[in-house]
Each structure stands twice: as C-alpha cells, then as structure tokens.
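Heads up: the structure comes next, in structure tokens.
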Amino acid sequence: MGNPKAFLEIHRQEAGYRPIHDRIHDFGEVEQTLSTRERKLQASRCMDCGVPFCHWACPLGNKAPEWNDALYKGDWELAYHLLTSTNPFPEFTGRICPALCEKACVLSRFNHEPTTNREDERAIIEAAFREGYIQPHTQIERNGKKVAVIGAGPAGLAAANDLNLMGYQVTVFEKNEAAGGLLRYGIPNFKLNKAIIDRRIRLLEAEGIEFKYNSTVSSDAISSQFSSQFDAVILASGTPTARDLKAPGRELKGVHFALELLSQQNRVLAGMEFSKDERVTAKGKDVLVIGGGDTGSDCIGTAHRQGCKSVTQIEIMPKPVEGPEDPQNPWPNWPRTLKTTSSHEEGCTRRWNINTLEFLGENGKLTGVKVQEIDWKPNPEGGRPIMVEKGKPEIIKAELVLLAMGFLKPEHPEYPDNVFVCGDSLSGASLVVRAMASGRQTAQKVDEFLKR
Amino acid sequence: MSYLCTRNVSNNSNNMTNCKQKGLYQCDYEHDACGVGMVVNIHGGKSHDLVDNALKVLENMEHRGAETRDKTGDGAGIMLQIPHEFILLQGIPVPEKGKYGTGLVFLPKDEKAQQEILSVMIEEIEREGLQLMHLRAVPTNPEVLGAAAREVEPDIKQIFVTYPNSLTPDPSPRGEGSDYLHSNVSELDRKLYIIRKRIENRVEALAKASAPLSPWRGAGGEAFYICSLSTKNIIYKGMLTSGQLRRYFPDLSNDYFTSGLALVHSRFSTNTFPKWKLAQPFRLLAHNGEINTIRGNRGWMKARESVLSSEALGDIKDLCPIVQEDMSDSASLDNVFEFLMLSGLSLPQAMAILVPESFNDKNPISEDLKAFYEYHSILMEPWDGPAALLFSDGRYAGGMLDRNGLRPSRYTITKQGMMVVASEVGVMDFEPGDVVSKGRLQPGKILLIDTQEGKIYYDGEIKEQLAKAHPYREWLNENRVQLEKLKSGRHIENSVSNFEQKLVTFGFGQEDIDKTIVPMATAGQEPVAAMGNDTPLAVISDRPQVLFNYFRQQFAQVTNPAIDPIREELVMSLTEYIGAVGTNILTPDASNCKMVRLPQPVLTNTQLDILCNIRYKGFNTKKLSIFFEISKGEEGLRQALDDLCHQAEVSVDEGVNYIILSDRDIDETHAAIPSLLAVSAVHHYLISVGKRVQTALIVESGEIREVMHAALLLGYGASALCPYMTFAILDDLVKKHKIQEEYATAEKNYIKAVDKGLKKIMSKMGISTIRSYRGAKIFESIGLSEDLLRRYFGTEVSTIGGVGLKEIARDAIRLHEQATEQTMLQNQGQFAWRKDGIKHAWNPETIAQLQLATRQGNYEKFKAWAKIVDEKESPIFIRDFFKFKKAAKPTPIDEVEPVESIVKHFVTGAMSFGALSIEAHEALALAMNKLGARSNTGEGGEDNARYHTEVDGVSLSSKTKQIASGRFGVTAEYLVNAEEIQIKVAQGAKPGEGGQLPGFKVNEIIAKTRNAIPGISLISPPPHHDIYSIEDLAQLIFDLKNINPTAAVSVKLVAESGVGTIAAGVAKAKADLIVISGAEGGTGASPASSMRFAGISPEIGLAETQQTLVMNGLRNQVRLQTDGQLKTAKDVIIMAMLGADEFSFGTLPLIVLGCVMMRKCNTNTCPMGVATQNPELRKHFEGRAEYVVNFFTFLAEQVREYLSEMGVKSLKEIIGRTELIEVDTTNATDKQKTIDFARLLHKPETDKSLYWDRGAFTKVTGVKDEEIIRAAEKAINDGEEVTLDYAIKNTDRAVATMLSGVIAKKYGEAGLPDNTINIKFKGSAGQSFGAFAVHGLNLKLEGECNDYFGKGLSGGRISILPPARSGEDFHAEENIIAGNTGLYGATSGELYINGKVGERFGVRNSGAIAVIEGAGDHCCEYMTGGRVVVLGKTGRNFAAGMSGGVAYVYDPDHSFDYFCNMDMVELGLIEDSVSRKELLELIRQHYLHTGSALAGRMLDDWQRYVVDFIQVVPIEYKRVLQEEQNRKLQEKIANIQRDY
C-alpha cells in the first residue's frame, strides 16, 4: 500500500463525462480520462484491506489492491500483469463495468467515495497497449486438442482466450459478421468504441484463435457434428430473445426492441448501410423507452444522438431508493439504488410505477402509448407483490417505442458430456464481467475435463 | 502411588504413566522456584545454634514454598557440614574428620528392591577399594508428612564409606590455606563421586530392565536417590514444607548436631507431583529460579561427554551421563557444577564458566576478565536464567546471581562473624547494633566465604584472580579468527540462475517479498501486523508447506521472565564461535580457541565464501548437498537423509572444522530437503555417535527468509546460515529499483532485522545469548508425526501427531512442480484475504453476514451466519474436526439453563482503550454490563469517571480490570473498582513480548488514563517486573487480593505445551481464574512473525490445562477461560467439552461493532473508527452496544439449543466431557488424516471434579492490615488523624495494602487528607510493603524491607530508614536497606529511603517522587513520569526506555554516563533555577522524613554538592515540555497584544 493515509486526504475524483453540449452530437466515448498524476493519486487511496471486499465482489476476482498499489508506484507494467492475471479484457470492463468492486469498497461503506477501480483498470490497460507491453503470445505449446466456442461475446471470448493460451486449438463461431456480441451490438459506441474490440480481436487472432463469422450453429449441430469434430464445445451464445410486451397495438410501426435500434446504430457507425425502411431512428420523434434498466438508458443516449424531439422512460416497478444506500442490499452487496447515467443527464423524463396498456396508432404508425399509474401491494401469500391500479389511464405521445425489458433465459436440450454452456446462455442476461468470469471458469472446467 | 512419572514406560496401570501416554501432560514441563537461604559463621565456628537459625530462616520463607491442601510440601531441605561429633555420639566409629564419606540415601521400602540396591552399592564401593562401613537408619517422623508425601515416602538410610582399615588414608586435599582458586577436592571425594555415579547408572539400568509391575517401577527407580556422598557436607531434605523439615528429621534438633555453615531451600513446584529427590539443596548448590536454557545445556553436555575426559577423573565413560535424567533444571546444573569441580576446577571458576556475567561493551569489567569469559564461552554455553545460586563444598560457601540479577538475594554480616544470605531479609533477627553491613548479590557477581580462613572474598578480587590465571587475551588474539576482519578479493554474485522458478520451489509468495523482505531490507526491522492469525495450521492447510510452518516458538510465562532485548541489550549476545572443539577442553590451553568468531549468525554470500576458503591455521570445510531425487519420492528423501548423516560423520572423522549444508545445487530432477530437517537430522545423528561438538553446522538454503526460519535452524543445531535466495531477491529489488537502497545497505538492513528478531525470539524465553539458544530446540511442532520427531528432531512426543517424510517429500515435490507451471509469483493471501489464497476464518461472507445479523437483531440470519462458519468448506482450526454427540433423547428446551445464565459465561477480550477508540471501548463495556457479563479494560487503564457513570442505568465501568507489565493506570482506585483483576502474563498474538504505544497515539484522554503526558511514547516491558517466577506471581495475587478482597484474580496465559503445568502452579498460587489464550488471538500490533509463530492453538493448551488440573485435583478451585478466534455456539460447546468454564471473544465483538478486518490497527487509520484515535475516523464508528448484546444473546440461545440436543440441562454438565466429542474426518485430506486427536481428547480417569464449583473469589485472611484497619477506623470513617505503631516481620507482606483498598473504595483517587493515618513500623517488612498505598497514608519503616516496596504507589508516603540503634560504624548510605523492584508502576506519592536499594528501582514509575541513596541495575527503566533522586551510585542501564519524568543523580566521580543507557535520555548539569529548587526541596523532604545523614551533609553545603548532580531528562519529555512552554509563551504574547 503506497500511502496508508491517502484515503483521508484525497477525495475520489472521477474523470467525468464530456460536457453534454459537446458529446450529444457524436457517438464518441463520453468518458474522459485523468492525468497520470491524478490517476496515481486515485490509486493511492486504496487501503490494501486485510479483507478486500472489492476482490470478493468482483466476479473475476480482480485484485484491485495489488494493481492499485503498482499503479500508485508508477509500475504500469506490473499493474498490467496483475490486472490481466484475473481479467482477460480490462479494456471492456474498464469502460462498461458497473464496478461491483467499487460498491463493496470499504471506502464506499462510510463515505461513499470508493476507489476508482474501473477507471484505473482502463488507464492501466490503455497504457499497456500504448507502451507496447501487450504483445501476442505466439510461442504457445499446442496440445493437439480442439475446442469450438460458439458465440464471440464476452463469455465466449474469455473462454476462447484462456483455452488458447493453455494450448488448445480454438475456433470461435459467431453468427454475426463481427465478434463482440452485445459489446459490439448492444452497447453504444459512446460507451465503448468498437475499435477497442477490434484491437482485441486482432490480438486473439494473432495468438492463433480462428474466428468463423456469420455462422449460426443450431443445437442439433452442436450435439452431432460439433461435439464429435471437437474435443470440447463451449456454448456461449448469450440470450438472443428479448422480452416482449404483448399489448394491443404491438404490431404498429414504430414499436421496436431496444436492440433493433442499438445494433443498427452501431452497424451504421461501422459503415453498413440500411434502406430508409429498415432504418430505425429517433430523429425528430418523441421517443418512449419502456424499461428502466441499462439497455433503456442506452436507447436514451442513442435517441439523443439521432436527434429525437423528446425522450420518456417508463418503468413498471417502483422508483428505487435514492442516495447511496439500499437498506435491502446493505454493503458490501450491490445497492439497487436510483442510477442516473450519462444518457439520463442528457435529458429525459423518467417515470416509475407505470403500466403499459396499449399502443395507439394511426395508419399502422405509432402515435402514442396508453399507460396507467399503478401501485404494488404485498402479496399475502408471499412471492411477487400484487399490482393494483392507481391513477387514470393516460396517453404518452410517441412515434418511437423501444422495448428494453430484459431478455429471456434460453432453454437448452441435453448435450453430450463435452459440451459446456456458459455466460448469459447458462444463467440468463447479466453483466459483461459475469459473462467473462463464467467464460474463464468454463475454460478451466474444459481443461480439467480434457486432462482427465 | 499414583503420581510418579517414569520415562520409557510402555504399559502401566498407574495414572501418571497413563497420562503421559494418552494425555498432553508431560513431566518435562515441570518448573519450580523457591526461597533459598544460607547461614555461615565466617570464622568456621560450629554450633547447633547455627543449624537452628538456618531452620528458622527456612521457616520464615514458608510463603515462598507451596503446599497443597493436605499439607504436602513441594520440598524443603538443608545442607550442613558433616556433624562429626554427632555421628560419633550415635556410636558410629568413624575415622577422623575428612577421612570418611557419608550421606543420606533414599531407598525403596520394598525390602527385596532395597537389598538389590544395597548390594549394587556395596559392589561399587568395594570396586574403588573402599568399604561400606556402616548403614544407619535415619530416624524420621512420618506423621508430620502430608498424605501425598507419605504415600511415596522412601526409606532413608545414612551410609558411611571409609578406606578399609588396612589402608592409610590419602594425604590431605590440596588447597589448604586460602587458595580458593584451586580445587578443594580430595582423592576420597573423587572416589565417592565415581562410586555414586556408577551406582546411579546401575540402579537406573536395573529399574529400566525390571518388569513393569515390579516394586522397582513405582517405588524402585523413583525411590532410589543418593542425596549426597561427601567427606565434608551432608544434606537432609524431602517432600516437606519448610516447617516440616525440622520435625521430620529429629537429627536436626539434636544439640550436638553442629555446623559452621548451612544452606536451606524451600521449593514451589508448578504441579502437585513433586518428588522427594527433587527437593533441594543438591550436592553442591541450592537454586532459586529457573534455567531457561536447560534444554540446550543438557543436549550440549550430552554431546560434549565425548571430549570431557580430565586428568583428575580419567576416563569418564562410566560416569556418563554427567547430567542425571529425569531431574530438574537445578539438579542438572548441580550435576555439571559438581563434575567441573571434580575435574579440578575451583568453585568460583566452575561457577563463572557456567553462569558467566555479560561481557559485551556495556559492561564495566576489565579486558582480561572479558577474555576469560570469551575463552570459556568457547567451551561452554551459558546456563542462563533467573538464578540465585547458593553453593558450598563444606569449606567454601558462596552465592551468585545470573547476569540479569532476576532473583533477589540479600545478605547481612554481623559483628560476631555471622553472615546470612537469603532471598529475603528479616529471615533472622539481629540486634541492630550488631550489624556491620547489609548488601545484596549483584547480577553476574560472586561472593565467597572461606570458613577455614574466616575470609570473605568479593567479586572483583575473585574474578581478577580468575582472569589472570592464564594469558587468555593472548591466546585469543593469536588463535581466534574474527570473521568480520577477514577480507578476500573475490567477487561473489548475489543473483541466482532460474530466479523466478527457484522462488516458487522454495515456497516464496509475493507477500514474502512485499510484506516481509522489503520492510526488513528498508527499515531494518520486522514488519508489524494486526488482528491475529485466522489461517489454517500447516497440517490442516491444503497447500504445500515449507517445513518451518509446522513449528511454533516457545516463550517464558510466569515461571521465568522474558527479557527486553532492546532496553536491556547489555545482556544480549549473538556472537557465535565455529570450529572443531578439541578433546581436551578442560585443560586450559591456547589451542582451545582455534575458532572463527561470527558477529551474528546470518552470513552474507561473501562471508560464506570466505569461510569456505580459509585455508590458513588448518581450517577446513566441507559442503554437503541437501537434496533428494524427485522420482524416488519419500524413499528418496529418507535415503538422502541417511546419506547426509553418514557423510557428515565421515567429515567429522576427517577433521573438518565446519560442515556446510547447501541446497544451491537443486536441479530439475532434485528437490531440496527442507533445510530444517537436514540440519536437525545431522545434528541429532552426530550427537548419537558422539561426534557433534567436534564440528559446526552452517546452512546455506534458499528457503530462509523470515526471522522464524533463522531461529529454527539455529534452534535445531546450526551455527550460522546463509539465506542466498533472500539475497538474490534483494539483488533483484535493487537492480529493478523497487527499493531505494544500494545492495549493501539493503543486505545490512536485512541482517540487522534478523538479528533484532532473533534477540526478540530468544528473549521471549529469557535467553540472552545465541550460544545457549543454539540447539536448545525452544520450539514445539504441531502436526508432525511422533516417528518423524523422534527420528530427526530428538523429540519424543507429538501433541497431535501429523505428517511424516511421505507428506514432506510430497510437498517439496509439489512446490518443485509448481515452479515450472507458474508464470507469476502468487500472492498467497497470508496477510490479506484472497479468493484463491490461504483460507481465512474471517472473510467477506463471515464478516458481512455477522454484521447484518447482529445489526438487524435477526436470529435466523445469525444462525445462517453460524452455519457458514461451522460448516466451512475446509477446516481451519482443530475444533473444525469436532462435533458433539447428540443424545437419543433431547432435553426439552425450556428445561435448559436460560439465556440470562449462559451469557454469564461469556466475556469480551482484553482490548485497551488506546488500541480501541473510546466509542468502541465503551460500547463493549455497556453491552457486557447490560448482559451481566464482563468486559475487560485491557492494559491501558480506564478513565475513572467511568466507574460511576451510567448510561440508561447501565454502568460504563469494565468489570474486569487488567494489569499488565506496563501497569498503565493501575492505581488503588482502579483495582478496587473491579470484579475481576486480570494479570496479563502473556497475550496470544505476541506472548513473551512487550509493546509500545507510540507518542503520536497518546492523546489527552489516553494520557490521563495511563498517568502519562500526551505525546510521550509508552513502553510495556516484556515481563512483569514483579513476576520472575511462580512465587512472585503468588505474591502479586496476594497483593491484589489485599487491595481488593472481593475481586477474583485471574491470570492470563497463552497456550503452549507445558501451559497446563504452569496453570497448576498458578492455581496453587491461589488464582481464581485462569485464561488459556490461543495463539490465534487478535492484537492491535505485533511483529508479523510472532503473530504466526508464537504459541499454539487454544484447543491443545486448554486440553492440557484441563487434564493437568484434573490430575492434580485442582480443577474445582479455579475457573478456566479460553479464547482464540471463538465465534459460534458450536465453538463454545466444543471448548466447554475440552474444559473451559468461560469463553472470551475479542475480534468478533469488534466485527459486530463495524470492524472489517482491515488489519491496520497499528497505523491508527482504522477507517471504521474501531481501532483508532483519529477524531475524523472515529466519526465513522457505527457500532452500538445493542448489536453486541444481540450477538451474545443469540449465541447463548444457540448454545441452549445445542445443550438440549445433547440431552443436558446446563453448560456445566458438559465441561471437560471429552467423551462427548465426536471426531469427524470424513472429508479430511491425506495430510489431515495424519492428525491424532487421542492425546487431546484424553480424559484422565478421576473421581475429581471436572469443573469449577467454588465461589467467585477466595479471600485473604490473617493479615496485619485487618488489625490496622480496625485501629484506623476513625480515620477511615471520619478523617480523624491517627498515629499507630507496629512491629513488622518479613512474613508480614503487602502491609498497608488492604487498608489502602478500603480508603480507595471510599474516597477514590483523592484518598484522605495528608497525614491522616501515620503508622510507624519497626523490623523487617515483608514483600510489597506499602503496595498501592493511597494518599493520606504516612508510612514510616524503621528497619529494612524486601522486594516490591511501594509497588503501584497511589498517593501515599513511605519512608524507610535503618533502626535508630544501628552501630556507629554502620553508614546507612553504604548499605542495602530495601530490595528489588521498588516503586514498580507507581502513579503518585512519595518514597524516601535512607539507604541503597536493589535492582530495578522505579521501573514504570509514572508520577511518584522518590529519594534514595544508591541503586542497582536498571533504575528508572521505562519511567514515564515523576521524580527520582539518587544520592549515590547507580548500577548499569539507568534510564533505559525512560520516556518521561526527571531523575537526579549525585555523581561526584563523574562516571555516571557509563552507567546510563543514553538511548532515550539526555544528561545535563543542574543549571536552571527551577531544577535546582526542585532538587533542593526533594532532598530537604528526604532529610525531613528519614533524617538521612547524607542528606544533612548535602543541605549543609548545598552549593558544593549541587555541582556534582546530573539531571537525566528523556528527549521526548524535553520536547513536550518545550512545546508546553512555547504554548504558554504564545498565550502570553497573545494576551499582551490583546491588551495593547
């Protein structure tokens, strides 16, 4: 620990976002960076706890105390090695991880000024790329065994990376035209520049992983030819099905799943072209986002950048508690508190306890949505609370509705022994960091399986 | 006959043997301490009066011995000159004086056995050409014996051995005349010695060979003992109390039984299985204290036997073992002392060799004498330990103290030529006018009386003669090589090949570098850690272990004191000599010093290279590789060890001076043999073939990194070591600029840190020199198999069994394999938890869930938490293998003892306010008081406002008040406000060590409670300076029971093997409660290695204590409390079954109050406000007393549920019931399966109680204070002035203490107005005179007093002066009038002494004023406040560790600076008027209260005297005073400016 008293003297400093008036006109990353000096000061705040709750809370088990110390001492290379000893792709988590570690930080417990682990991570890995610490491992001793990874999202990539470094011949099958999964097709560029993904994929390719794009693999194929052609198969295909809202008027033009907007926008930015008909855009529209989570928030930011007239976000559940603490999930657990993202800051009406009754339209085109304020009453039999009507039905004017209500957990048939399911595909939609952790654990399992 | 302990017995029906086989108790653990005395007629005149007087002396020290309730004493005895006339009067026709030998012999009562022994005796006597002339049945009175003593009473015969009539006796012995430097041993004496040794050996062999149930067993081998066999002196002794000796042996009362000298001894043994033969005196000496180094001394004597032949004794093969087996430390010392004497050494020479004084730079002795000591140190390691030794060969009589002077010994010489030397003064009455002088034995100094010539020889003269006997200085200069002076031009590389891989192979983790090596290399000391060790034992852990991890340091507690290696460095030495010892070491010769002297045991690569290449003067060396073939596994390791031992033996035969064991050459196919295993195997093998002392062992190993590793290697026989991987790490760190040091500096710092650490580890055991430490094996292993220990470690017993070569080989191979797999050095999670690291009992889940459950008051959540803790994925503690047996029929829950009653078994741990924030400390007190349980102040005192403050009707006062070695805030008022007074002998996290509260942590409120000044560092000494042995502890307990007769007194010990025996002694010292603290216990700050490597698991310590107390029949008299990472109800139930009545929780309540185990307590940055004094951080404190109440209530509730499941109704019913424990090893790993719980779970067969069933405390009665309190009633009640007068004896101990308690209870800190109670005493006051005396008491003692006077003085005034009727030639200022350790821990008051005092005066004084006229060593040590004026000479080490207060010393010959320890103080003349005035006033007061002639002279001619005074001011204190002055000045200036 560099400076045992730093946490008393130095406050948490986030790099913060570019000013709204500046960032709202482009899809460049909104987050800024601190100077090296400031970054080191932030790292010095880590107290090197006897029981590091950050390390515990992180699904990957990142050793924040160790790399923060190295960072504080200016040993970027060591920090990089320590960081990547648990985290294969810090450039992703360093940008988009909600940082469970920071909420579990002991500093978060009493003054809610945890260390800036996520930003530190990003700083370390970017420095590592910049300084050339990262070079492809080309001297990998091959063990002659082949593994197929289906899905090039964070889980699949993490699994593929680990197995490749262990000496397996890894082939990644991806249904889309490029790798990254939701990193590429879900998260807007203003949060994660896609060049970051490309950089990583180039590295993985250089290290010997083979990527096969535009290859959809059915579950039958997995069970039959894949499981026999490969020594092991990892299924990391995520949660492709979004939760739908079966309300009257669902078929109206202008009602879209969030990902339709988000993935298309990312593809546009990547240079793909879409016909006017195909194009989902918020330009000049009143936009309603249904669903109060992160995807919904991404829709808001995207809508702003597309030039919407207004954005409203509604959520069926009650408004989360405000402020840093959540009595239901006390420290060191993740607090389910009201979260205001960079997109929210850019302008948005947010409402809670709103149930969607009907999509209204004219000429097959959406004009508004009929909603009603509701209330939740405790269920006398336990379980999910009971919804009761509260206010009168009202209409929210909207030409574009984005459904951001989560994804359905996929069902899997019974696969042969050498098929391993991992990531969201295994446990339902969750965080990138969890997917990566699951990928790494699965790689470990595969290795043990194949060594048996 | 049930309490004898026999060695090597396989199968026997008697209890003790059983216990040895099955339980944890071992007779090796016994300790004793005692009172000694000597009465000599200097002119040799014999009289029966002298015998009678000596017996009276003994009887007056009754309180120093111990007895059990059945009146069995631990042993008492007397050594006298052979009463020639008395013998003739018995009708025994002995030849003339000196021409026959006689002595008492203990024989078995069984006639057949006795006959067998007698025929052996006769055979051996005749073999030497002598005859057994007469056998006298010694008359005894068995009816005076206690029951236990009578049960094992031997038949006592006196034998008379003479030359056959036909032979003429040999010429008179040499040494007629006054030449005490020559042997005083006659040919006949030598023959008698040889005869005795042979008889002992043969009888021992007979006993061993006999059938298990023959009379030999119980009564034979044990009952046979030759008390003495000499031509000059005779010893009467037995398993007696002091008072019984005279009555048991009617001989002693016979008027014709005369002697010119007498030596007496009464024994206090730590258990109740004392033996007849262990009573003292032994053949030549009586010893008060304990030999700390005994294990090493015995081992080295054994090893040395092969080179000890002497001209005088010839071949000694028949006489071996020189050290008799199964005897006490004192007996062993006596054996060697006797051997040296008979080999031709003189008494003082033998003594000086065995118990040398310290001769490093800080000791004012001549260079010649230093050379004498250095020469002899090559031959013999010091027998170190608290020792007051009185010895006599019948003509010369003498006394000597060990280098530390830790036992009191005072003497008085009269006009009539009588001299009395004893542990106490006042043991014999003298007319004051007859006294010529009064003195004390001084540390390391000898006193000798020649009764034939009627002369007294003092140390200076004796030692000068010894030093000049041979040209030792020349011999050393010419032969001894000093390593640090050798240079070679060779360049030695510090880096190693395959560095990263080798790190893994040798078990390094990243933390070893970051948290151990870097701090050592940069700061020059071991790192400090906090919060205790909650990781698995090596044998339980699933990770590969380096062998070092299986060992734990042992440490001194109660029976001998630890040393402060920093403040008392003058006695420490790390100097070591290596080389081959010749076969003729007893003959003084230059060739004996052909050795290499090493300044310290850690060698650099360069030094090792030099050693390997010294070619001149015939030195040669050999390097043996310590590795084994990986492919051969266990077998390979075994083979490699055998080969290694063999090669070592061959090397010795080749005359190699030292052998280097090296693992530098390991490679892909060879793994290193653990260096400790290698060195220990070779060491023990060489001993077994009689070739050990001929060579020295040096270890060059990559494993070594921590101080503990170095200590272990030395402790198991290495003389020096080279940690080359650590040096390679330093090299790497320097090259990569990870530390801002040059290599040479880093290396120097690292070695300095190891040196410091080694001194600390040695001093924990009270050992001062590395030479007595080497090979002494002051460790115990946990989790190594008995087979392994016996074969390679020279240890017979393993507490819990464990791994053998198979697992050791496997671990070494695993590490070797990991080396090829790992890319980056792992952080193993030793100091901070890691997901993939070493398991910790406190981890994020257990911490967070506990906080949640107790904060929300949710019992279900509590249970969920308990489930995680109890069913952890892999075991951490020994108890994790245990379950309790459920009853077929549970008890209905409402019939089980209620929660309110169960919570009374719980206490919170001792955590000082100072370590904790006031918020946390008070929350604990409130919670425990609310529950009716007890919280503990910890060692820092308590704000007295809290005694009478209540919050919502609940008191803020901690019920348990702790007193520790620093005595911080221990005042009369503090003690009377306790329900329990806890004497902290040791602390789990750092047993045997002191502590330091750095000045920056001492704020206003802490300073107030500790009677200190803000900003001044406060040092706690390692030992209590009033507990150097068990009888001292008894005295302290007695003191505390006087000051507060309604408090229970508890003694906190730390688990180690042998703690049970110590606990038995503590119980006999009349403690009410004994705490067995587990080594895992928490701490605010401890050296990291102590936290992990000192002490053992509470399960083992508790079980041993329970077993020993039950066997002794003492268990029902004391409560047993335990601690050490206790958490759940299951822990409580299991520890109860192992024997605990009470359970202490330290870390856990802190976690309930918000602690998240930052482990940063030592940095004052606790972010949760729990363990910090920083006001900003304290604001973060979120704990509440209710949470703690919730916890203990839940805990008790769950205990109830378990009790119900067990089918019992109360906790009591399961205490000590180990048969209810079920061992569960279903999921155990291979390693864990090697653990053997049988000893731990052994339940002694007994009908005696298994648990405490008495009242909470025992009262003292029959003390003088009862009378004084009655007489002072008016003063106490109404504040009326009273004046009283009493005679006082040395048996009147702690006088005025109970009175002070009564006053403090009534009037608090203020006490009574000045001079309300004036008491004058005449005579010799017993120990602890005026202890804790409060304000308003004015005590005047006319006479003298013993140790601990004015201890804890709390405002009272004590004046001590010689009797008014002293003779004219008696000069008060030249005589010792008061004993050792006066004014210890005094907080306020005044003390005036017209005379000199003993050692360690004013230690830890924090506010009292004292004027004395001379002092011994260590005066004003650790003082933090008050004033001490010394009007005469002081001993060495004045003001060591003194951080506050001022001392004035009269120094007319300007030599004081040599005697002062200048580390923390500055000396100056008395220049400013304030100091002058102060000093003058102090001396004036002294004159007023004592009428001191010296003070009178000074006052008369003040201007002349004042210039010779030196003022001693601590540097820190000066700074604080200056700051205070500056502040006042600033204020003044501000005021002036305002007025403008």
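Values reported hereafter were calculated over all heavy atoms of this structure, with side chains retained and with hydrogens, waters and symmetry mates removed. Each chain gets a letter, A, B and so on, in the order the sequences are listed, and its residues count up from 1. Please read these numbers as outputs of a predicted model, since none were measured by experiment.
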*Would you say the side-chain atoms of B/K835 pair up with the backbone N or O of A/C58, donor to acceptor, closer than 3.5 Å?*
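Judged by distance alone, yes, a pair lies under 3.5 Å.
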
*Would you find a donor on one side and an acceptor on the other, under 3.5 Å apart, between the side chain of B/K1160 and the backbone of A/D48?*
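Yes, because the side chain of B/K1160 sits within donor-acceptor range (under 3.5 Å) of the backbone of A/D48.
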
[X] [atom1]: over 12 foreign heavy atoms closer than 6.0 Å:
X	atom1	result
A/K63	NZ	yes
A/R142	CZ	yes
B/R1184	CZ	no
A/E131	CD	yes
A/E9	CD	yes

*With only heavy atoms counted, which part of A/P52 is less than 4.5 Å from chain B, the side chain, the backbone, both or neither?*
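Both the backbone and the side chain of A/P52 come within 4.5 Å of chain B.
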
_Residue A/L107 versus chain B: region with a heavy atom under 4.5 Å_ =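 Nothing of A/L107, per the 4.5 Å heavy-atom cut-off to chain B.
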
*Say whether A/W331 and B/Q851, considering side chains only, have a donor N or O and an acceptor N or O under 3.5 Å apart.*
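The answer is no; no qualifying pair exists.
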
Measuring from [X]:[atom1] to [Y]:[atom2], what's the distance to the nearest 0.5 Å?
X	Y	atom1	atom2	answer
B/L1177	A/L8	CG	CG	4.5 Å
A/E66	B/N827	CD	CG	4.0 Å
A/F110	B/F1181	CZ	CZ	14.0 Å
B/N1164	A/K5	CG	NZ	6.5 Å
A/W56	B/N843	CH2	CG	9.5 Å

*Can you list the steps and then say if A/D75 with B/K736 is a salt bridge (Lys or Arg N to Asp or Glu O under 4.0 Å)?*
CA-CA 11 Å; A/D75 192 340; B/K736 291 193 178 147; over 6 Å; no

*asked:* So for B/Q826, is it side chain, backbone, both, or neither that comes closer than 4.5 Å to the heavy atoms of chain A?
replied: side chain

*Which atoms of B/K738 come close to chain A, meaning under 4.5 Å heavy atom to heavy atom: side chain ones, backbone ones, both, or neither?*
side chain

Less than 4.5 Å apart, any side-chain heavy atom of [X] and any of [Y]?
X	Y	value
B/R834	A/P65	yes
A/R109	B/M1168	yes
B/M824	A/L82	yes

On a heavy-atom basis, which atom in [X] and which in [Y] lie closest, and how many Å separate them?
X	Y	result
B/M1158	A/C49	SD-SG, 3.3 Å
A/F7	B/P1167	CE1-CB, 4.1 Å
A/V51	B/V1156	CB-O, 3.8 Å

*Name the member of B/E845, B/K1179, B/R1159 that forms the most heavy-atom pairs with chain A at distances under 4.5 Å.*
B/E845

*Who among B/G829, B/A529, B/P844, B/A832 has the most heavy-atom pairs with chain A under 4.5 Å?*
B/P844

